[in-house]
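We name chains A, B, ... by the order of the sequence lines, and we start the count at 1 in each one. Side chains are part of it too, since the values below use all heavy atoms of this structure and drop only hydrogens, waters and symmetry mates. Given the structure is predicted, the values throughout are model-derived calculations rather than measurements.
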2 protein chains.
Amino acid sequence: MTQFGPAIRERRERLRRDDRRYSVRQVATRIGIEPAYLSKIERGEVAPPSEATTVRLAKELDQDPDVLLAMAGKVSGDLQEIIRKRPKLFAELIRQLKEAPDHAVLRVVREVRDGDW
Amino acid sequence: MTQFGPAIRERRERLRRDDRRYSVRQVATRIGIEPAYLSKIERGEVAPPSEATTVRLAKELDQDPDVLLAMAGKVSGDLQEIIRKRPKLFAELIRQLKEAPDHAVLRVVREVRDGDW
DNA sequence: CGTCATGTGTCATACCTAGTACACACTATG
DNA sequence: CATAGTGTGTACTAGGTATGACACATGACG
């Protein structure tokens with residue numbers, strides 16, 4: 001699994017090649033944290049930041065928040081809330097899908113989307 | 001939503017009617033926490049305990065761990081891990097199912113269980 | 001009646017989370 | 001060459017998490 005910090009650094013530096021506004025300092029300022037803190041995050045010197053900060057960072061770097069949160073070892077609060085409202089149901093479903101191949105899960109997603117319930 | 005503490009208390013006292021071994025003290029000792037701490041948990045004087053403690057408590061009181069964790073505002077670590085391994089897929093699925101009625105979700109569960117992938 | 005168990009109040013604590021503040025050395029640019 | 005911007009090291013902290021230790025008053029049991 002790719003580490004959170006390095007992934008961020010790579011992404012930011014890529015963006016920076018075309019746009020000087022993607023420096024540690026400026027990105028940090030835009031998402032409302034200290035530059036030194038972002039630097040440490042990117043080098044993995046500290047643990048990934050809070051969910052809120054991770055999401056702001058994801059948006060800033062035009063990345064999928066759920067993917068970044070996953071790398072940070074977290075699951076989005078809104079997903080957790082959905083699960084908590086019907087814990088038995090969702091726990092069973094998710095454990096059921098643990099070993100299912102991607103295409104099987106996708107099929108379920110599509111079925112539900114087009115479902116006529 | 002029922003609160004975590006009171007639900008625990010109620011359940012424990014119910015068990016206690018038939019079995020004197022379900023006192024605050026004895027339950028606490030069996031699951032490895034201080035009696036005073038369990039007392040505070042049951043009265044909601046402190047926040048619900050850690051996931052590990054909650055699960056031990058659930059087993060001790062013969063309750064569904066996922067349900068108790070949900071009341072505690074948490075989602076089981078093993079479910080989170082499943083989601084984190086394929087964040088996009090599961091995020092989409094779960095958000096898709098947010099408004100789906102129970103029977104629709106259950107249908108999906110059954111389909112997957114009997115699925116031929 | 002003694003003693004054992006019960007629930008709870010008070011106080012203390014170790015560790016974690018999620019950062020801030022500031023200075024310093026290097027680099028690029030006009 | 002000045003200066004503006006860059007990344008990073010060191011030091012610090014407010015607030016929360018998850019308990020532990022112990023004493024005390026009450027109630028039940030033999």
query = Closest to the B:Tyr37 side chain: D:dA18, D:dT6, D:dG20?
reply =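 Of the options given, the side chain of B:Tyr37 lies nearest D:dA18.
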
key: Between D:dT6 (C1') and A:Glu34 (CD): distance, integer Å   =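 Atom-to-atom, A:Glu34 to D:dT6, this comes out as 15 Å.
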
inquiry  = Please report the distance, rounded to the nearest Å, between CD in A:Gln26 and C1' in D:dA4.
reply    =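 Distance check: A:Gln26 CD to D:dA4 C1' gives 12 Å.
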
Going by the salt bridge (Lys or Arg N to Asp or Glu O under 4.0 Å) test, which pairs reach into [range], not counting sequence neighbours?
{"range": "residues 27-36 of chain B", "value": "B:Arg30-B:Glu60"}
{"range": "residues 2-13 of chain B", "value": "B:Arg9-B:Glu42, B:Arg12-B:Glu42"}
{"range": "residues 47-59 of chain A", "value": "none"}

Taking side-chain hydrogen bond (donor to acceptor under 3.5 Å, both in side chains) as the test, write out the residues that go with [X], two or more places apart.
{"X": "B:Asp102", "result": "A:Arg86"}
{"X": "A:Thr29", "result": "none"}
{"X": "B:Asp19", "result": "B:Arg21"}
{"X": "A:Ser23", "result": "none"}

query = 5' to 3' on DNA chain C, which nucleotides open and close the contacts with chain A (atom under 4.0 Å from a heavy atom)?
reply =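 Extent of the interface on DNA chain C: C:dA18 to C:dC22.
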
request  = Can you sort out the partners of B:Asp78 under salt bridge (charged side-chain N to carboxylate O under 4.0 Å, His left out), two or more places apart, ordered by chain and number?
outcome  =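 Residues passing salt bridge (charged side-chain N to carboxylate O under 4.0 Å, His left out) with B:Asp78: A:Arg95.
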
key: Residues touching DNA chain C, which here means a heavy atom under 4.0 Å, drawn from residues 38-63 of chain B   =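 Output list: B:Ser39, B:Lys40, B:Arg43, B:Glu45.
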
ask   = Of all of residues 14-23 of chain A, which get a heavy atom below 4.0 angstrom from DNA chain C, listed by number?
value =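 None - not one residue of the stretch has a heavy atom sitting under 4.0 Å from the strand.
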
query = Heavy-atom distance under 4.5 Å between the side chains of A:Val75 and A:Leu69, does that happen here?
reply =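 Result no, sub-4.5 Å side-chain heavy-atom pair not found.
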
Results of side-chain contact (heavy atoms from CB on, under 4.5 Å) for B:Glu92 - residues two or more places apart only =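 If we apply the side-chain contact (heavy atoms from CB on, under 4.5 Å) test to B:Glu92, skipping adjacent residues, the hits are A:Val109, B:Gln96.
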
